[in-house]
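Remember, it's a predicted structure, so these values are computed and weren't measured experimentally.
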Amino acid sequence: MSIVLKPGQATLTLLERIYRGEEAFHLDRTARAGVDQSAEKIAQAVRGSAPIYGVNTGFGKLASVRIETAHIEQLQRNLILSHCAGTGAPLPAAITRLIMALKLLSLGRGASGVRWELIEQIENYIAAGVLPVIPSQGSVGASGDLAPLAHMTAALIGEGEVAFRGATMQTADALSMAGLSPLPLGPKEGLAMINGTQVSTALALAGLFDAWRLAVGSLTTCALSVDAAMGTAAPFREEIHLLRGHPGQIDAARRLRELLSGSGINASHIDGDERVQDPYCLRCQPQVAGACIDLMRRAGASLLIEANAVTDNPLVLPDGDIVSGGNFHAEPVAFAADEIAIAIAETGAISQRRIALLVDPALSYGLPAFLTPAPGLNSGLMIAEVTSAALMSENKALANPRSVDSTPTSANQEDHVSMACHGARRLEEMNNNLAGIIAVEAMAGAQGIDLRTPLKTSEKLSGVIEEIRNVCPPLTDDRILSGDIEALKTVALSTTRLADIDGVAPVMLEPTP
């Protein structure tokens, strides 16, 4: 079954479904009337004498050069070929699919002046599994993601490379195998395809979706750490968080209460514990994780607007005017990517401090050094903690904002740029680092709880430990741990093991309609 994209109505849930799945998708057919109407306005402009940017003029600094009617189609083809100047590793297939979905949503608003045939060409490629090969580098997030979107568009006209049936090949060869044909571009269609923020937005959305899953999972590993360190659940009482009022903080505290409910370890030291307060990495997890949750929700709301937006240039307005503007400038996406990066870095930073607490016998309330039953002979999780610190430090550097950078391009015509594309692309690396930190915390938390035997944790956390033990056995004598960390990174990034737990209310990125 093909997913129906309704222009202006996409949700984060729908976009994540496209990102994580392999279903075909197509534009809602009710969008055709508006698309056809705007295409006719462009056709009328071609027949007229007035200069219209990108329709019968050159591009960028060459906008003052008038193009003869006989060369208008060649103009669009030349635009695509000349802008295929990207470099770097190809974007993953999941990102490419999301880019194509976002482009359909934008074109479907009926303000871009493209023919319905171009929309059908994108849909046919998706249905056949023909995915353009898009180099990951080359956009500064200004006049759209020009280079990467040009590579995507080149495939639609039969040029460049595509991924098809598990192999990378020339587009012409794939089209022959798939029974498809290239589509010559009409007036403005090349410009409509490459002016837009769809690459930056898709990368930012993918970063958000994975960061959200990891942030929710970090609440689970925090609960493990609380019990492993024999911390108190008192700071998670609902009344504390209602008095402050931040929604993310309230949600985070609720989840921690639910995960720890019924813990025998927690109940065992309510009386007689000489400690008055736990360190911040335990006590303040709702405040820190909650702030990260709220930040990601705000970024998600901004990216959702962008996903449903028209971001090319010039635009066909409702009154029929064709007007040049600047909707292709990706500043909102750059800001959202920076916000997500900060949330990723902070989620990992506080998680890493809990790992450090658990391996330190001066702080872990009776646990052996480095969580090994025989410290000295064995080093236990000593270097696993160091690895988590290295990953945390990398993410701190990667979290430095990209949106405050700018450099003039295109002979100073594009004199302020957003840097949204690489600002969003770095989120994948940051999420991979965060998954490693959470993996080490999961290992340490489960090990610490095992060392509290015969005391038992809650039923829900016992189930989490079972999931951990499926890929990471308890640590007795020293062993190579890199394989355990990689396996637990997969657990952290999965949807059901740390983030979705039976009997624990979900923490939602997007409000329920």
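Of the possible donor and acceptor atoms, one in the side chain of S406 sits under 3.5 Å from a partner among the backbone N and O of V417. Between the side chain of K103 and the main chain of G196, no donor-acceptor pair closer than 3.5 Å is present. Looking only at distances, a side-chain donor or acceptor of R297 sits under 3.5 Å from a matching main-chain atom of M508. Of the possible donor and acceptor atoms, one in the side chain of D294 sits under 3.5 Å from a partner among the backbone N and O of G248. Side chain of S106 to main chain of L102: no donor-acceptor pair is present (N/O by atom type, distance under 3.5 Å, no hydrogens or angles). Of the possible donor and acceptor atoms, one in the side chain of R109 sits under 3.5 Å from a partner among the backbone N and O of N308. For R257 (side chain) and F236 (main-chain N/O), a donor-acceptor pair under 3.5 Å exists by modelled atom type. Under the 3.5 Å distance criterion, the side-chain polar atoms of N433 are left unmatched by any main-chain donor or acceptor of M392. With S494 contributing its side chain and V491 its backbone, the two residues share a donor-acceptor pair below 3.5 Å. With T197 contributing its side chain and S200 its backbone, the two residues share no donor-acceptor pair below 3.5 Å.
Looking at E161 and Q170, their side chains come closer than 4.5 Å, going by heavy atoms from C-beta outward. At a threshold of 4.5 Å between non-hydrogen side-chain atoms, the residues L493 and L214 count as touching. Contact check for L185 versus E73: no side-chain heavy atoms found under the 4.5 Å cut-off. Counting heavy atoms from C-beta on, the side chains of K188 and D312 come closer than 4.5 Å. A 4.5 Å side-chain heavy-atom check between L175 and P182 finds at least one atom pair inside the cut-off. Between N195 and S143 there is a side-chain heavy-atom pair separated by less than 4.5 Å. E159 places none of its side-chain heavy atoms less than 4.5 Å from the side chain of I80. For the pair L391/V440, no side-chain contact is recorded, criterion being any heavy-atom separation below 4.5 Å from C-beta on.
The OG1 atom of T201 sits 11.0 Å away from the CG atom of L304 when rounded to the nearest 0.5 Å. Taken to the nearest 0.5 Å, the CZ atom of R244 stands 5.0 Å off from the CD atom of Q249. Here the NE2-OG1 distance, from H151 to T96, works out to 12.0 Å after rounding to the nearest 0.5 Å. Expressed to the nearest 0.5 Å, how far CD1 of I344 lies from CG of L434 amounts to 6.5 Å. Annotation: the span from R402 atom CZ to D405 atom CG amounts to 9.0 Å, rounded to 0.5 Å. To the nearest 0.5 Å, atoms CG (L208) and CD (E339) are separated by 10.5 Å.
Side-chain contact, E510 with T13: a donor N or O sits under 3.5 Å from an acceptor N or O. In summary, the side chains of Q285 and R354 do present a donor paired with an acceptor at a separation below 3.5 Å, with no hydrogens or angles considered. In the model, Q352 has a side-chain atom that pairs as donor or acceptor with a side-chain atom of S388 under 3.5 Å.
Residues passing the ring pair (Phe, Tyr, Trp, His ring centres under 6.0 Å) test with H26: none are found, sequence neighbours excluded. In this structure, the ring pair (Phe, Tyr, Trp, His ring centres under 6.0 Å) partners of H416, at least two apart in sequence or on a different chain, are H329.
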| request: Test H241 against Q287 for side chain to side chain contact (heavy atoms under 4.5 Å, CB included), laying out the working first. | output: CA-CA 8 Å; H241 307 284; Q287 288 78 7; 3.5 Å; yes
| task | Give the intermediate values and the outcome of side chain to side chain contact (heavy atoms under 4.5 Å, CB included) for residues L107 and V35. | result | CA-CA 7 Å; L107 298 179; V35 170; 6.0 Å; no
| query | When you look at I293 and W212, which way does the side chain to side chain contact (heavy atoms under 4.5 Å, CB included) test go after all the steps? | reply | CA-CA 8 Å; I293 285 169; W212 183 263; 3.5 Å; yes
| task | Evaluate the criterion side-chain hydrogen bond (donor to acceptor under 3.5 Å, both in side chains) for residue pair E441 and S351; output intermediate values, then yes/no. | result | CA-CA 7 Å; E441 185 178 12; S351 174; 2.6 Å; yes
| Would L488 and I438 count as a side chain to side chain contact (heavy atoms under 4.5 Å, CB included) if you check the C-alpha gap in whole Å, the side-chain angles of each, and the deciding distance to 0.1 Å? | CA-CA 8 Å; L488 286 170; I438 292 173; over 6 Å; no
| message | Test salt bridge (charged side-chain N to carboxylate O under 4.0 Å, His left out) on R255 and E258; report intermediate values, then the result. | response | CA-CA 5 Å; R255 185 175 182 87; E258 292 176 352; 6.0 Å; no
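Between E40 and R47, at least one side-chain N (NZ, or NE/NH1/NH2) sits under 4.0 Å from a carboxylate O, which counts as a salt bridge. A salt bridge links R254 with D251: at least one charged nitrogen is closer than 4.0 Å to a carboxylate oxygen. Under 4.0 Å is where a charged nitrogen must lie from a carboxylate oxygen, and between E429 and R426 no such pair does. Residues D210 and R20 are paired through a salt bridge, judged by an N-O separation under 4.0 Å between the basic side chain and the carboxylate.
Residue P7 comes nearest to A31 through the heavy atom pair CG-CB, 3.9 Å, listed as atom of the first residue, atom of the second, then distance. Across all their heavy atoms, P314 and L191 have their closest contact at CD-CD2, 3.7 Å. Taking both residues in full, the closest heavy atoms of V133 and A163 are given as CG2-N, 3.8 Å, listed atom of the first, atom of the second, then distance. Residues S302 and P332 share a closest heavy-atom pair of OG-O, 4.0 Å. Shortest non-hydrogen contact noted between A299 and A336 is CB-O, 3.8 Å. Minimum heavy-atom separation, G190 to Q76: N-OE1, 2.8 Å.
Within a 6.0 Å sphere centred on CD of E428, other residues, nucleotides and ligands contribute 12 heavy atoms or fewer. The 12-atom threshold is exceeded at CG of D321, counting heavy atoms of other residues, nucleotides or ligands nearer than 6.0 Å.
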Report all side-chain donor-acceptor pairs from residues 113-130 shorter than 3.5 Å, counting only partners two or more places apart or in another chain.
residue : atom : partner : partner atom : Å
R115    : NE   : E189    : OE1          : 3.4
R115    : NE   : E189    : OE2          : 2.8
R115    : NH2  : P184    : O            : 2.9
R115    : NH2  : E189    : OE1          : 2.8
W116    : NE1  : E120    : OE2          : 3.4
Q121    : NE2  : L156    : O            : 2.9
Q121    : NE2  : S181    : O            : 2.9
E123    : OE1  : R29     : NH1          : 3.2
E123    : OE1  : R29     : NH2          : 2.8
E123    : OE2  : L27     : N            : 2.7
E123    : OE2  : R29     : NH1          : 2.8
N124    : ND2  : E120    : O            : 3.2
Y125    : OH   : A155    : O            : 2.5

